[in-house]
Structures are given as C-alpha cells and as structure tokens.
Amino acid sequence: MLIIGSHVGYKKDSGLVGSVEEALSYGANTFMFYTGAPQNTIRSSIDLDNVKKAYTLMEDNSIDKNNVIVHAPYIINLANGDESKFNFSCNFLSEELKRVDTFGFKYLVLHPGSHVGQGVETGISNIIKALNIVLDKDNSDVMILLETMAGKGSEVGRNFEEIKAIIDGVSKKNRIGVCLDTCHLNDAGYDLKTIDEVLDSFDKLIGIDKIRCIHINDSKNTISSHKDRHENIGKGTIGLDTLIKVIDCDKLKDVPKILETPYIDGKAPYKEEISLIRSLSKQ
Ligand code: FE
Ligand code: FE
Ligand code: ZN
C-alpha cells in the first residue's frame, strides 16, 4: 500500500493529536512535522498524555508510527566550523533526537548543512565530526536521515557522493539514513525521468536500503538550477507522470512519501494532491 502524507503543523496546544488530526483530514496514512517552529529554538515540553491519545488515533486509522517523520529545524548547521555555532548545532540536534525518541518515532530528517564559504571538504568534515559527537552520547535508535539538497548557496549534500562521504566518516552507520527530495534531486541535476538509473547509482554508492523517506515535490525550476523552490504536484518542471513514476518505483515501495508542496491561496493543497496521486498510482 502506498504510504503517503504531507508536512503537517505541530502546535503547543493541540500537540501531536493536532498533527495526526491534520494528517487524517488530508486522507494521509503518514505525516511529517517539526517539533516547533523550524526557524527558532523555542520548544515546548512534550505532553505524554497527548502523545498517548495521538497513538490511539494513529492506531485506529492505520498510521504506523514507524512511517512518521520528524524534520529537524533549519537553524541546525553542522557544516559551519565556527565554534559557538557548531556547539549550538550539536546541542540542539542532541535535544531534537531525544524529542523524537520521546515521541516514539524512528526518523529525523536533517539538512546536512551549509559550509558558508569554508569549502565543501571542510563542511563535510565538520558534519562528520558533529554527527560523531552527537551519536556517541545518544543511545536511542532514532535514525538521522540526511536530506539530499538542491545545491543552493553553499549547501552540502547536493549529490550522492557528498552524502556518501558523510556516511563514510560516521562511526554509528546504522544511525544514518537518507531522505531523497524530488525537487532537490531535479535542481541538483538528477533527471527523474530516468529514476531507475538514479536509484542504481545511489545503490552502488550508498545502498538502496539507506533510503527511508522521500519528499515528493514538483519544482519551479529546471534541472540543475540549484534553486530549491517547491511547486505543486504536476505544476512544475518535473511533471505528474515523472512524479508518479518515482512514487511507483518498486525499490521505494516501503518508503514513506511526504509532500512539501506550497500552500495555494493560504490553503494546504495536500488533500487534493494525495487523492490525485492515489488515483494515478499503481500501488
Ligand atoms: Fe528538508
Ligand atoms: Fe524536502
Ligand atoms: Zn526544499
């Protein structure tokens, strides 16, 4: 069965119950959320009663907790070697892992980081150092999913080789996975029309089993543009046929698919996009 959902909100008052309700309102069977605003560090304590209620709601509606994704905030940048920023990012990532574990979820999506002019190699070695520091003292089984990036600005992780270089340097390799993003892949220069070849090259370098999440977005820009601007499903340069081809890939069958497409006139497009995808998908 197709495992599909979208980014949903997480608010202090409604907590995880509110996130699950939002996902269900879109007809989704999974979802992704931030544990607080993605651009700041304010995080409320987790209400365990609320989490319990959310789990009941999930079970009643066949949402498997192992398919739920948490996205780490953008303010974490492990690639920046500046001491205070580096320490801040490590500490915040440690706390975020604990929150994901408290929720009982398995996956935390993380942007590898931006090297902010320090160079890709330095960026990669900073990321490796940070992941080893953070994972060394974390004994949960939460997996950090490195997201493949569009290569905007000084983003690291803009191709499979860079993702591989990071994973190669991490000691606890079983704690690291990968999150693909169709908009980012397109903008980074991967032609999704040839998704089988793209996945083959991923498999040879990293291993297909590392892919644990895929963000499904169309792109406002052409291939190799390095822009990272998401477009609604079927309205961008990737197009509906190719996105369905990606979604229906046998090799990605059990991987949760998460929409992060833009709101239309202030309204979430996810209900319509999920039903469009379901109507065309063979899964
Ligand atoms: Fe992301
Ligand atoms: Fe994404
Ligand atoms: Zn993006």
Side-chain angles (χ1 to χ4, degrees), residues 3-10 19 28 30-40 67-79 89 92-93 96-97 100 105 107-114 127 131 142-160 162-163 166 176-190 192 195 198 202 210-233 235-238 242-243 246-247 252 255-263 268-270 273-274 277:
I3 306 160
I4 189 155
S6 71
H7 160 74
V8 298
Y10 176 86
S19 306
T30 188
F31 60 97
M32 180 177 84
F33 69 105
Y34 291 85
T35 64
Q39 66 279 15
N40 72 37
N67 291 329
V68 175
I69 312 289
V70 179
H71 199 307
Y74 314 135
I75 36 164
I76 295 177
N77 182 7
L78 305 182
S89 291
F92 202 80
L93 181 58
E96 193 72 358
L97 279 174
V100 178
F105 296 138
Y107 297 121
L108 177 66
V109 169
L110 176 73
H111 294 180
S114 293
I127 295 166
L131 289 172
V142 176
M143 207 168 180
I144 294 175
L145 306 185
L146 301 170
E147 184 167 354
T148 59
M149 303 310 290
K152 187 178 63 180
S154 65
E155 276 174 352
V156 179
R158 59 201 159 139
N159 55 46
F160 300 156
E162 289 181 8
I163 298 281
I166 296 168
I176 303 286
V178 177
C179 172
L180 301 179
D181 182 310
T182 53
C183 170
H184 299 177
L185 286 173
N186 175 77
D187 292 13
Y190 291 97
L192 296 174
I195 182 67
V198 172
F202 185 97
K210 283 287 186 193
I211 303 173
R212 301 303 176 98
C213 178
I214 175 160
H215 293 162
I216 303 290
N217 305 302
D218 217 322
S219 174
K220 285 192 195 295
N221 294 285
T222 49
I223 191 163
S224 308
S225 60
H226 305 294
K227 285 273 178 34
D228 188 7
R229 289 189 64 215
H230 302 184
E231 181 55 283
N232 292 100
I233 302 303
K235 305 268 168 67
T237 60
I238 302 172
T242 301
L243 287 172
V246 173
I247 288 165
L252 301 174
V255 177
K257 325 271 182 321
I258 303 287
L259 301 167
E260 304 174 296
T261 50
Y263 275 41
Y270 307 127
E273 291 186 340
I274 288 171
I277 288 168

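Being a predicted model, the structure only gives us computed values, none of them experimental. When a ligand or atom number is given, it counts from 1 through the structure's own listing order.
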Worksheet item: Can you give me the ND1-the Fe ion (ligand 2)-OE1 angle for His215 and Glu260, to 10°?
Response: 80°
Worksheet entry | Of the N, O or S atoms in Glu147, the one nearest the Fe ion (ligand 2) | OE2
Worksheet item: How is the N/O/S atom of Asp181 that comes nearest to the Fe ion (ligand 2) named?
Response: OD2
Fill in: the Zn ion (ligand 3): angle it makes with OD1 (Asp228) and NE2 (His230), nearest 10 degrees
90°
Worksheet entry | Other residues, nucleotides, ligands: >12 heavy atoms within 6.0 Å of Lys235 NZ | no
Fill in: N/O/S from His111 sitting under 2.8 Å away from the Fe ion (ligand 1)
yes
Worksheet item: Is the Fe ion (ligand 1) under 2.8 Å from any N, O or S atom of His71?
Response: yes
Item to complete: Answer yes or no: is there a side-chain heavy-atom contact under 4.5 Å between Leu180 and Phe160?
Response: yes
Worksheet entry | Side-chain heavy-atom pair Thr237, Ile223 within 4.5 angstrom cut-off | no
Worksheet item: Between Asn232 and His230, is any side-chain donor less than 3.5 angstrom from a side-chain acceptor?
Response: no
Practice prompt. Output yes if His184 passes the N/O/S-under-2.8 Å test against the Zn ion (ligand 3); output no otherwise.
Written response: yes
Discussion item. In terms of relative ring orientation, are Phe33 and Phe31 parallel, tilted or perpendicular, with 30° and 60° separating the classes?
Written reply: tilted
Practice prompt. Please work out which of the three classes, parallel, tilted or perpendicular, describes the rings of His215 and His71, given edges at 30° and 60°.
Written response: parallel
